[in-house]
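In this text the structure is predicted, and so the values were computed from the model without any measurement.
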Amino acid sequence: MLRVTACIFVAFISSFVKGQEDYSLEFPKQGVTDYVNIWGMRSLTQFTICLWMKTATGNSAPFSYAPTKSLNNELLIFDPDDVHLYIGNDHRSVGITADDNKWHQICVTWENSKGEWKSYKDGVFVKSGVDFKKGYTINAEGSLMLGQEQDDVGGGFDSTQSFVGRLANVNVWSYVLPGSTINELSKCCLTGEGNVYKWYDFLYGIKGNVRLRIPAGCPCTF
């Protein structure tokens with residue numbers, strides 16, 4: 001009976017939210033039971049990840065992708081106090097701090113021909129580099145988590161690395177968005193739709209006590 005009720009609730013919420021992006025997800029406390037989990041990432045030779053976050057804590061993982069146990073940091077955005085981008089278990093500091101309990105748009109891009117990456121905060125270019133996992137391909141079909149850092153595929157959580165705060169409009173593209181587009185998206189947290197994952201997709205993976213907030217409560221100046 002409980003399983004049926006939960007399915008009806010998800011269907012109701014999905015029908016209510018479908019066609020709009022005006023919701024956020026709140027992760028209320030540290031622990032290992034609250035997260036969002038979806039599967040089926042395609043292989044990627046380049047990407048753009050954009051998300052909106054509001055948090056007052058560092059040392060946590062708003063975004064974590066793991067296709068195998070040995071590649072538990074295949075694609076990871078970690079530590080709002082000093083944001084690091086991980087690819088294939090290697091990492092770079094992207095020059096962003098975002099743990100001031102205010103809403104921020106964070107975007108990172110990467111392509112494998114030169115290993116070039118770029119970071120943006122609130123639509124403004126921050127930092128870039130080259131020779132980061134040059135020639136590498138992001139492996140497909142793994143576990144994508146919001147709110148937890150995976151030490152195993154779909155698990156191996158550490159409560160001290162759990163995200164506390166709110167996330168909105170998480171999107172993944174299979175190509176590098178130009179800076180002008182990222183700047184335009186920064187004007188409203190309800191805009192943009194990834195071609196790999198779009199914000200609506202994450203509704204189906206809510207686990208534990210992650211709270212759905214409607215409206216999102218994040219900035220939109222349109």
Side-chain angles (χ1 to χ4, degrees), residues 2-18 21 23-44 47-55 57 59-80 84-89 106 108 138-174 193-214 216:
L2 182 61
R3 181 183 178 88
V4 172
T5 302
C7 291
I8 292 172
F9 175 75
V10 169
F12 171 77
I13 290 298
S14 298
S15 64
F16 182 81
V17 176
K18 188 173 185 179
E21 304 299 332
Y23 71 94
S24 61
L25 296 175
E26 181 180 358
F27 300 77
K29 59 181 176 59
Q30 283 193 322
V32 297
T33 59
D34 303 333
Y35 55 92
V36 178
N37 186 204
I38 58 178
W39 297 74
M41 178 85 82
R42 68 179 76 172
S43 62
L44 298 171
F47 63 75
T48 301
I49 301 170
C50 285
L51 58 85
W52 288 76
M53 78 166 91
K54 180 182 181 182
T55 183
T57 60
N59 195 48
S60 63
F63 184 104
S64 168
Y65 173 67
T68 66
K69 183 176 177 61
S70 63
L71 290 172
N72 57 300
N73 292 328
E74 175 75 337
L75 185 51
L76 172 68
I77 298 175
F78 188 74
D79 192 2
H84 278 64
L85 172 64
Y86 284 72
I87 298 175
N89 293 342
I106 307 300
V108 290
I138 303 295
N139 290 271
E141 302 300 328
S143 166
L144 176 55
M145 290 272 181
L146 304 183
Q148 298 285 349
E149 193 275 317
Q150 301 173 83
D151 286 333
D152 200 350
V153 181
F157 306 144
D158 179 343
S159 63
T160 66
Q161 296 178 333
S162 59
F163 179 81
V164 178
R166 294 170 72 174
L167 294 174
N169 211 21
V170 180
N171 289 280
V172 182
W173 291 264
S174 63
E193 185 173 290
N195 71 323
V196 178
Y197 287 116
K198 56 186 178 296
W199 185 223
Y200 174 72
D201 295 331
F202 293 96
L203 276 176
Y204 296 99
I206 297 173
K207 307 294 183 183
N209 197 34
V210 177
R211 299 167 184 171
L212 184 68
R213 298 300 190 189
I214 303 173

For this session: Starting from the C-alpha separation in whole Å, work towards a yes-or-no answer on side chain to side chain contact (heavy atoms under 4.5 Å, CB included) for Cys50 and Trp173.
Result: CA-CA 9 Å; Cys50 285; Trp173 291 264; 3.8 Å; yes
Exercise. Which is it for Phe47 and Ile87 under the side chain to side chain contact (heavy atoms under 4.5 Å, CB included) test, yes or no, and what are the steps along the way?
Worked result: CA-CA 11 Å; Phe47 63 75; Ile87 298 175; 3.8 Å; yes
For this session: Check the pair Thr55, Phe27 against side chain to side chain contact (heavy atoms under 4.5 Å, CB included), reporting the backbone distance first and the verdict last.
Result: CA-CA 10 Å; Thr55 183; Phe27 300 77; over 6 Å; no
For this session: Would you sort out whether Leu212 and Leu25 count as a side chain to side chain contact (heavy atoms under 4.5 Å, CB included), showing the intermediate values?
Result: CA-CA 5 Å; Leu212 184 68; Leu25 296 175; 3.7 Å; yes
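In this structure, Asn89 and Leu71 have side chains that are in contact, with non-hydrogen atoms separated by less than 4.5 Å.
The aromatic rings of Phe78 and Tyr86 lie perpendicular to each other, with more than 60° between the two planes, well past the 30° mark. Between Tyr204 and Tyr200, the angle of the ring planes goes over 60°, which puts this pair in the perpendicular group of the 30/60° scheme.
For Glu193 against Asn171, the heavy-atom pair with the smallest separation is CA-OD1, 3.5 Å. The two residues Asp201 and Val196 have their closest heavy-atom pair at OD2-O, 4.4 Å. The two residues Asp34 and Lys29 have their closest heavy-atom pair at OD2-NZ, 3.8 Å. When all heavy atoms of Lys69 and Val153 are compared, the closest pair comes out as N-CG2, 3.5 Å. Summarising the geometry of Phe157 relative to Gly154, their closest heavy-atom pair is CZ-O, 3.8 Å, with the distance given to 0.1 Å. The two atoms that bring Ser60 and Ser162 nearest to each other are CB-O, 3.4 Å, heavy atoms only.
With rounding to the nearest 0.5 angstrom, the CG atom of Asn139 is 4.5 Å from the CD atom of Glu74. Distance check, rounded to the nearest 0.5 Å: CD1 of Ile77 to CZ of Phe63 gives 6.0 Å. Interatomic distance, Phe202 CZ to Tyr23 OH, rounded to the nearest 0.5 Å: 8.0 Å. Note that CG of Asn59 and CD of Gln161 are 5.5 Å apart. Values are rounded to the nearest 0.5 Å.
Looking at Tyr35, its side chain never comes within 3.5 Å of a backbone N or O of Gly155 through a donor-acceptor pair. Under a 3.5 Å cut-off, the side chain of Asn195 and the backbone N or O of Ser174 do form a donor-acceptor pair. A donor-acceptor pair under 3.5 Å is absent between the side-chain atoms of Ser43 and the main chain of Ala140, judged by distance alone.
Checking Ser143 against Asn37 by side-chain atom types alone, a donor-acceptor pair falls below 3.5 Å.
Of the listed residues (Arg166, Arg213, Lys54), just one forms a salt bridge (Lys or Arg N to Asp or Glu O under 4.0 Å) with Glu26, and that residue is Arg213. Each of Leu146, Val170, Leu167 was compared with Met53 under the side-chain contact (heavy atoms from CB on, under 4.5 Å) criterion, and only Leu167 meets it.
Applying the side-chain contact (heavy atoms from CB on, under 4.5 Å) criterion to Ser64, with sequence neighbours excluded, gives Leu76, Met145, Gln150.
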